[in-house]
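As a basis for the values below, the full set of heavy atoms in this structure was taken, side chains included, without hydrogen atoms, waters or symmetry mates.
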Amino acid sequence: MANNNNNNNNSAVFVEVVDLTGEGGGIGTPHPSYAGAGAASDGAGAGAGAGAGTALISTDAAKRDFFLTTNDLAQLQDKGKCVQFGGGIGCGAPTKKYYQRDLEKAAERAHGKEGYKRKREQREKRLANQKRKRDDESARANAALAEQNLNVPAGAGASNANAAHAGPDVKALRAGLLKQVKKGMGFRDSGAPAPIKVELPGISTASFAALIGRPQDPTLKTLARGHGGVYKHDVRGNAALCALFGCVETKLGKHFAVEGVSQRLCDSVVLKYKHKDETLVVHAGGEITLEMF
């Protein structure tokens, strides 16, 4: 631990290194105040670093979990209660972390003891409500899928279930999608299969819902949206790919006469649907095979 002399004209810089092994002693020993507290409360001796509140918290987590601002954390830095890792010339700014007990005290100073407690209770309630909402959405989705399967004869697979609800428009969409994906097959300069990306504009929400096996949810209420309001659907396995494209397995490939080789689709395809502009984006890959298509 090093602390510049306050009489120096330069601004004081406090850098503290923590022994994450918990062995203590020498360079890397935790701040003496924490070691002493650990000795007093836990009887573990100086440098034990295992007492309650000695966990190191990142800056983002400190702001989020303890409701602190940048100014609040700056006060801890001024008091030397900030652990810095890395940094330096050409290495960017150092990573800053704070002890849990210091963050709790700072939160109580900023919001009051009762105010901090109230904020934690409100957050727990908010998180519980979010979890309950996700569970309800999942239950509705499962119920919709169960109702869909009731309309399929016993023994029918997922492919038949989707086909049972696929109208002429969806069947044409499946065939057109397969055609575009196979058209997107190609090779890198190295000779390896190139990644496939296909964009189809003008795809209605109801069509996308039917395409992914959710025809009874044309507004996608039971499907969670990701970042940017994009719906994501993963298709894995040859059986699922055949159901998606409405074809048999032998149609999942393409022969390149010039190159003298064939490619078949990898068994993982990702569909991303942009609800705002009704655009369907398909990400896929190919693999070289000896099969002839």
Side-chain angles (χ1 to χ4, degrees), residues 1-135 224-228:
M1 179 180 67
N3 194 352
N4 289 6
N5 194 327
N6 291 334
N7 295 328
N8 195 310
N9 292 331
N10 297 328
S11 60
V13 178
F14 184 95
V15 179
E16 180 182 0
V17 182
V18 175
D19 176 16
L20 298 181
T21 65
E23 296 177 356
I27 297 176
T29 302
H31 191 283
S33 62
Y34 307 119
S41 61
D42 302 327
T54 59
L56 287 172
I57 310 297
S58 68
T59 299
D60 290 341
K63 293 180 178 180
R64 181 188 66 241
D65 298 338
F66 296 88
F67 316 101
L68 297 174
T69 65
T70 301
N71 290 334
D72 294 329
L73 296 180
Q75 293 180 22
L76 292 179
Q77 296 172 25
D78 292 340
K79 296 178 181 178
K81 296 182 178 180
C82 172
V83 183
Q84 300 187 31
F85 300 90
I89 298 176
C91 299
T95 299
K96 299 177 181 179
K97 294 194 176 185
Y98 307 84
Y99 286 98
Q100 178 180 338
R101 64 176 59 175
D102 290 333
L103 294 175
E104 290 174 346
K105 292 178 181 178
E108 291 180 355
R109 286 195 300 269
H111 308 289
K113 192 169 185 178
E114 290 300 320
Y116 175 47
K117 179 181 178 181
R118 184 165 56 253
K119 281 183 172 292
R120 284 186 301 163
E121 292 173 347
Q122 291 173 346
R123 180 180 59 195
E124 291 173 1
K125 183 179 179 180
R126 183 171 61 254
L127 293 176
N129 289 336
Q130 292 174 354
K131 182 179 184 301
R132 182 165 53 250
K133 183 179 179 180
R134 289 195 301 269
D135 292 343
R225 277 189 287 184
H227 180 70

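- Lys105 NZ to Glu108 CD: the interatomic distance, rounded to the nearest 0.5 Å, is 9.0 Å.
- Atoms CG and CD, on Asp65 and Gln100 in that order, are 9.5 Å from each other to the nearest 0.5 Å.
- In this pair, Phe67 and His111 present their aromatic rings perpendicular. The plane angle is above 60°, beyond the 30 to 60° band.
- Atom CG of Asp72 sits about 10.0 Å away from atom NZ of Lys63, to the nearest 0.5 Å.
- Shown here for Gln77 and Tyr98, the closest heavy-atom pair between the two residues is NE2-OH, 2.7 Å.
- Expressed to the nearest 0.5 Å, how far CD of Glu104 lies from CZ of Arg120 amounts to 7.0 Å.
- With sequence neighbours left out, Lys131 forms a side-chain contact (heavy atoms from CB on, under 4.5 Å) with Arg134, Asp135.
- Here the shortest heavy-atom pairing between Ala62 and Ile57 reads N-CG2, 3.7 Å.
- In this structure, Thr59 and Lys96 approach most closely via the heavy-atom pair OG1-O, 3.2 Å.
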Checklist entry - What's the verdict on side chain to side chain contact (heavy atoms under 4.5 Å, CB included) for Thr95 and Val83, showing C-alpha distance, side-chain angles and the deciding distance? => result CA-CA 8 Å; Thr95 299; Val83 183; over 6 Å; no

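- Minimum heavy-atom separation, Phe66 to Arg123: N-NH1, 4.4 Å.
- Closest heavy-atom contact between Leu68 and Ala110: CD2-CB, 4.4 Å.
- Closest non-hydrogen pair, Ser58 versus Lys97, comes out as CA-CG, 4.1 Å.
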